[in-house]
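Comments concern the structure below.
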Amino acid sequence: MIGTVLVANRGEIARRIFRTCRESGIRTVAVYSDADENALHARVADAAVRLPGAAPADTYLRGDLIVRAAIAAGADAVHPGYGFLSENAGFARAVADAGLTWIGPPPEAIEAMASKTRAKHLMGVAPLDEVTEADLPVLVKAAAGGGGRGMRVVRRLADLGAALTAARAEAASAFGDGEVFVEPYVEDGRHVEVQILADTHGTVWVLGTRDCSLQRRHQKVIEEAPAPGLPEELTDELRTLASRAARAVDYVGAGTVEFLVADGRAHFLEMNTRLQVEHPVTEAVYGVDLVALQLRVAEGHALGDAPPPARGHAVEARLYAEDPANGWAPQTGRLHRLAVPDGVRLDTGYTDGDDIGVHYDPMLAKLVAHAPTRAEAVRRLAGALERAVIHGPVTNRDLLVRSLRHEEFTSGRMDTGFYDRHLDGLTSPAPDPLAPLAAALADASARAGRFGGWRNLPSQPQLKRYALAGEEHEVRYHHTRTGLAADGVRVVHADARLVVLEADGVRRRYDVARHGDRVHVNATALTALPRFPDPTAQHAPGSLLAPMPGTVVRLAEGLAEGSPVEAGQPLLWLEAMKMEHRITAPVTGTLTDLHAAAGQQVAVGSLLAVVRGT
C-alpha cells in the first residue's frame, strides 16, 4: 500500500493530486524551485523539499534531485503529474530503481509512445523525411512533451529552417529534448482525444471522447466531454484505435490517445502517456477520480470489467494570465483576488496574494461545469466565468466568455482554426461605458471619507482619467450637498467598494476594488491615469518595448544598428514562461538603435530597439 506520495511537479496539478491523496489517507510531499519557495503547492503539502542548484525554469527537469528528495522525505511513491518529466522513461526507471512506486505506465510504454515519431511508426503513420512544396503546409513538432511547445506551422518552404531552429530551442527548454519532426498540417480539423485507463491484469477502460479544438498557439483553451456531434461509427473507430494503441504497448495507468478529425476521418496524432490537463471533464461525465484510479492501479488493484456509464456533459476553460489581443503575451504580477461562484469546479495553483512569475506556464486556473446537456454546461461555465472575481494581471477571461457564447461553438461547429478566424472579433473591447464613472465615484467616496470632499470651486466638475482596452476615458462628476452626482445618471449609492447607478430607468451594481493604479469594476479592469502625464515617460516613435519580462534568446541573423527592416520582420526572440515570443518591426525602415543582446534578461517595458520608418 502507498503511504506517502511525492508529486514531481508544481502548481495546479500538484495541488490536484494532493487533494486525492488526502482523501485517500496518503501523505504528500512537494518539491519546489527557488522561484516557487512560497508557491501554494509547496505550502499545502505535508512536507516540501527544495530542489537546489538549477535555474528555476529547469529545476523540475532534474530527475536525480527529485528522486533524492523522495528518499529524503520518506516517500514511497512518485506521481509525475503532467509536463516536465511525466513522459520521461529514464525518470520512471530511476524512480523504480530507487525502490519507489512509479504512478504511471511502464518505461517501455513511455518509450514506445512518448516520442511522437516512434508512436506514429507504431500506429502506421510516418512523419515526413523530406519536405517539398507539394507537402505544404506542414507542422514542425517536438518529439517529446506537449502543450504547444516546440510546434510551428510552416506555409512557405523558405521558412522551414527558421521554424526547425525555433522549435528545437523551445522543445529543449521545455522538455530537455530538442528532437523535432515534420508532418502534414491538416487545416481546420477537430482535435478529438480518447481517455484510456489500464491495469496490470489486462483490462483497458475507454472513457469516452473529449473535444479540444479551441486552441491558441497549439495549446488547448476550452475542452469538453464527450466530443459533440461525432457520428456513432467515427466514435466507435476512435475508441477502437485508442484501445489498440494501449494494448500494443502493454499500457498501464491513465493515458490519452489524440486524433485530428477532418472530412469524417481520424488522423492519429500521438499518445500522451500521462494524465492530461483536461482530465476533469472526463471525471465529471463518468463520476470517477482518475488520480484515485491511478493510485489503485499502481498498487496492483484491478479496475473491474467496465467503467461507470457516462452521464451528461462537461466543459472546461483554462484561465490564463495573458493578453489575447496582444499576441497572447503572458502577464506577470500579483494576483490579488481569485474567486468563482458556486456550482463549478475550480482547480488552481494560486491563491489571493500570490505572485505570477516569468518562469512557468501562465495558467492560473481551470474552471469546469457539468450539467445534463451540453447547452446547460456551456451556459453555466460562461456565467461563472463572467461573475468570477479576478483582480490582478490581464487574463483571457473575456475571451473565454465570448468563445463559449459564440454561435460557432454553441452549435458544435468549431475546429482548430476557430481563433484564426474569430480572434479580432472576440478581443474587440465592449466595456461597460459606466465602469470608468463607477471607478471615479468609488475613489471620490474613499477620498471624501478622509478629506471631506471639499473643493474651492464647487461649480467645476471633478475629472478622472482611466485607460481601458488601449483607450483613454475621461469622466466628470460633482460633489453636491446631497452627495456625488454625474450627468446623465442617478447615483443611487457610492462608497469605496460599491457603486449603484441608474441610467434610463435601469439600476446596476458595480463592485469596485483598487490595487495600486489598477481598478477592477465588476469584470472590467481599468488603469487610473495621472491627471498630469509625465512627459519624460514617453519613448521615441518606433520604439520596441519588451511586452513581458524574459530572456532575449537570439537576434535575427545579421541584425545591427543601421540595418534595413521590413514591417513584420522578426528582429529578436524573447523566452518567457517556457515559450518563445517574436518581436517584429512595426514599420518598414531602418533599425536606428539596438539595446538587446542574446542572453540578456529584460523587464517588461524595457527598450529593446528603435525602428525609424521610411
Side-chain angles (χ1 to χ4, degrees), residues 1-9 13 17 20-21 26 60-61 63-64 66-67 70-71 75-124 143-146 175-177 179 193-207 241-258 268-276 279 288 290-304 307:
M1 296 287 287
I2 294 172
T4 303
V5 170
L6 179 143
V7 178
N9 219 293
I13 186 57
I17 297 165
T20 290
C21 286
I26 296 173
Y60 298 98
L61 296 173
D64 57 333
I66 293 171
V67 170
I71 295 170
D76 51 14
V78 172
H79 194 304
Y82 51 69
F84 295 122
L85 294 171
S86 61
E87 295 178 279
N88 187 300
F91 179 55
R93 286 195 178 95
V95 169
D97 290 346
L100 306 171
T101 298
W102 169 251
I103 305 173
E108 295 76 18
I110 296 176
E111 286 177 329
M113 286 296 189
S115 170
K116 298 174 180 63
T117 52
R118 289 191 290 272
K120 285 181 177 294
H121 284 296
L122 187 64
M123 297 295 287
F175 314 119
D177 184 346
E179 181 188 354
E193 59 190 33
V194 180
Q195 175 72 56
I196 60 100
L197 188 70
D199 62 22
T200 56
H201 303 273
T203 299
V204 176
W205 281 4
V206 178
L207 291 96
L241 288 171
S243 178
R244 191 179 85 192
R247 293 187 183 282
V249 294
D250 296 324
Y251 198 78
V252 174
T256 297
V257 186
E258 301 196 351
F268 173 77
L269 288 176
E270 60 188 349
M271 181 176 182
N272 294 130
T273 54
R274 55 174 167 81
L275 201 64
Q276 293 277 85
H279 75 274
V288 298
L290 288 174
V291 175
L293 290 171
Q294 284 185 296
L295 294 169
R296 285 185 54 80
V297 166
E299 291 178 328
H301 298 291
L303 287 172

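In this text the structure is predicted, and so the values were computed from the model without any measurement. All residue numbers in this chain count up from 1 along the given sequence.
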Please check this pair: side chain of [X] against backbone of [Y], looking for a donor-acceptor N/O pair closer than 3.5 Å.
X	Y	result
Asn272	Arg274	no
His79	Gly104	no
Gln195	Gly255	yes
Trp205	Gly304	yes
Asp76	Thr4	yes
Ser86	Gly83	yes

Query raised in the report: If you count the non-hydrogen atoms of other residues, nucleotides and ligands that lie under 6.0 Å from CZ in Arg244, is the total more than 12?
Result: no
Distance-minimising heavy-atom pair for [X] and [Y]:
X	Y	result
Met123	Leu241	CE-O, 4.1 Å
Gln276	Thr256	CG-OG1, 2.9 Å
Ala89	Glu111	CB-CG, 3.3 Å
Ala77	Ile103	CB-CD1, 4.0 Å
Gly202	Arg247	O-NH1, 3.1 Å
Tyr60	Asn9	CE2-O, 3.9 Å

Quick one: [atom1] on [X] to [atom2] on [Y], what's the gap to the nearest 0.5 Å?
X	Y	atom1	atom2	answer
Asn88	Arg93	CG	CZ	9.5 Å
Tyr82	Ile17	OH	CD1	8.5 Å
Ile110	Met271	CD1	CE	10.5 Å
Ile71	Leu100	CD1	CG	5.5 Å

Taking the side chain as every heavy atom from C-beta outward, state whether [X] and [Y] have any pair of such atoms under 4.5 Å apart.
X	Y	result
Asp250	Glu108	no
Phe84	Ile66	no
Leu295	Val5	yes
Ile196	Tyr251	yes
Val67	Val95	yes
Thr273	Val249	no
Val297	Leu303	yes
Leu85	Pro80	no

**Report entry** Gln294 and Arg296: side chain donor to acceptor below 3.5 Å
**Finding:**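 Not at all, the side chains of Gln294 and Arg296 share no donor-acceptor pair under 3.5 Å.
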